[in-house]
Amino acid sequence: DTYLSPQPKSKISASRKLSLKMLLLTRACEDLEKERQEREEEKVRYLGEKLPPLQLSGMSMKELQDLCKQLHAKIDIVDEERYDCEYKVSKHNKDIHELKLKVQDLGGKFKKPALRKVRVSADEMMRALLGSKHKGSMDLRANLKSVKKEDVKQDKVLTSEVGDWRKNVEAMSGMEGRKKMFDTGGGAQ
């Protein structure tokens, strides 16, 4: 009884949808072409205003020098404007970057900064973690097992008795050698 029917079919046929898509695409292409032509016309108009065609014929040397000076002055002005525009763009880019970081911070998602390697002693680390609760210094050597000097001397005596390794190999070969090692306690550690 509670059978769900599939979604109702659209009232527009597939061929009609395809023709509408084609019409939209052709309209979009036409609009893009028109926009490109308008930009080109605007560029030509702007350059016509800013750069009138030069009339060099019939000018004397003095007039040509004055014209060059005027052109240099215009170039300097344009360079200053370009520099100002570049500075504004870079400033805006920095502002945008800072605002993006603020948005990320507010959202709780931010990029982890590159961490520096810092040497920290165990005491400093415990103070940082526990704050004022940390008392005394952590002497890590205090917990180490102490070794008697006699044990060290005994180990040196055992190693000095070995002597020539070839004699040792021949003496320890076969089952007799294994028995000797077991008896002397050399194998058990």
Side-chain angles (χ1 to χ4, degrees), residues 4 6-144:
L4 296 174
Q7 292 182 352
K9 292 183 179 180
S10 64
K11 296 178 182 177
I12 302 173
S13 65
S15 60
R16 179 74 177 144
K17 280 184 183 178
L18 184 62
S19 64
L20 288 174
K21 283 183 184 178
M22 293 301 291
L23 286 173
L24 286 172
L25 284 173
T26 54
R27 177 68 188 261
C29 289
E30 289 171 1
D31 289 346
L32 285 173
E33 183 64 27
K34 186 178 178 184
E35 188 177 317
R36 188 187 63 77
Q37 285 179 352
E38 288 175 357
R39 275 195 308 244
E40 284 293 322
E41 291 170 2
E42 178 67 23
K43 182 179 177 181
V44 169
R45 186 189 61 76
Y46 180 80
L47 289 175
E49 285 177 8
K50 295 290 182 178
L51 298 172
L54 294 175
Q55 299 293 331
L56 300 177
S57 60
M59 295 180 93
S60 67
M61 184 62 84
K62 177 71 174 155
E63 291 172 338
L64 285 174
Q65 288 176 349
D66 291 340
L67 180 64
C68 285
K69 288 178 183 176
Q70 289 174 1
L71 290 175
H72 278 288
K74 287 183 180 181
I75 289 172
D76 290 341
I77 292 170
V78 169
D79 277 343
E80 288 175 8
E81 289 176 0
R82 180 185 55 81
Y83 177 78
D84 291 343
C85 290
E86 287 177 356
Y87 179 76
K88 285 179 184 177
V89 167
S90 66
K91 185 180 178 196
H92 288 307
N93 285 340
K94 287 178 186 176
D95 291 343
I96 289 170
H97 180 68
E98 289 175 7
L99 290 173
K100 279 183 181 178
L101 290 177
K102 285 183 181 178
V103 167
Q104 286 176 347
D105 287 345
L106 293 174
K109 297 177 183 177
F110 58 92
K111 294 179 183 176
K112 291 182 180 177
L115 300 176
R116 295 180 298 144
K117 289 184 179 179
V118 179
R119 285 188 163 238
V120 179
S121 69
D123 292 331
E124 291 173 353
M125 193 178 300
M126 291 304 287
R127 269 192 226 110
L129 290 174
L130 301 175
S132 62
K133 294 178 185 177
H134 177 64
K135 295 177 182 173
S137 66
M138 256 183 90
D139 187 14
L140 298 176
R141 293 181 183 170
N143 298 331
L144 295 177

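Between Glu98 and Lys102 there is no salt bridge, since no side-chain nitrogen of the basic residue lies less than 4.0 Å from a carboxylate oxygen of the acidic one. Checked for salt-bridge contact, Arg27 and Asp31 meet the test: a charged N lies under 4.0 Å from a carboxylate O. The residues Arg45 and Glu49 are annotated as salt-bridged, a charged nitrogen and a carboxylate oxygen being separated by less than 4.0 angstrom.
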Checking Glu86 against Arg82 for the salt bridge (Lys or Arg N to Asp or Glu O under 4.0 Å) test, could you report, in this order, the C-alpha distance in whole Å, the side-chain angles of both residues, the deciding distance, and whether it holds?
CA-CA 6 Å; Glu86 287 177 356; Arg82 180 185 55 81; 3.0 Å; yes

In sequence, state the C-alpha distance, the side-chain angles, and the governing distance for Leu47 and Lys43, and then conclude on side-chain contact (heavy atoms from CB on, under 4.5 Å).
CA-CA 6 Å; Leu47 289 175; Lys43 182 179 177 181; 4.2 Å; yes

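The line from OG of Ser60 to CD of Gln65 is 8.5 Å long, rounded to the nearest 0.5 Å. Taking CD from Glu38 and CD from Glu33, the interatomic distance works out to 11.0 Å, rounded to the nearest 0.5 Å. We find the CG-CG distance between Leu67 and Leu71 to be 4.5 Å, quoted to the nearest 0.5 Å. Here the CD atom belonging to Glu41 is positioned 10.0 Å from the CZ atom belonging to Arg36, to the nearest 0.5 angstrom. Distance check, rounded to the nearest 0.5 Å: OH of Tyr87 to NE2 of His92 gives 10.5 Å.
Using a 4.5 Å heavy-atom cutoff, the side chains of Glu81 and Ile77 are in contact.
Summarising the geometry of Leu23 relative to Thr26, their closest heavy-atom pair is O-OG1, 2.8 Å, with the distance given to 0.1 Å.
Atom CD1 of Ile12 sits in a sparse spot, with 12 or fewer heavy atoms from other residues, nucleotides or ligands closer than 6.0 Å.
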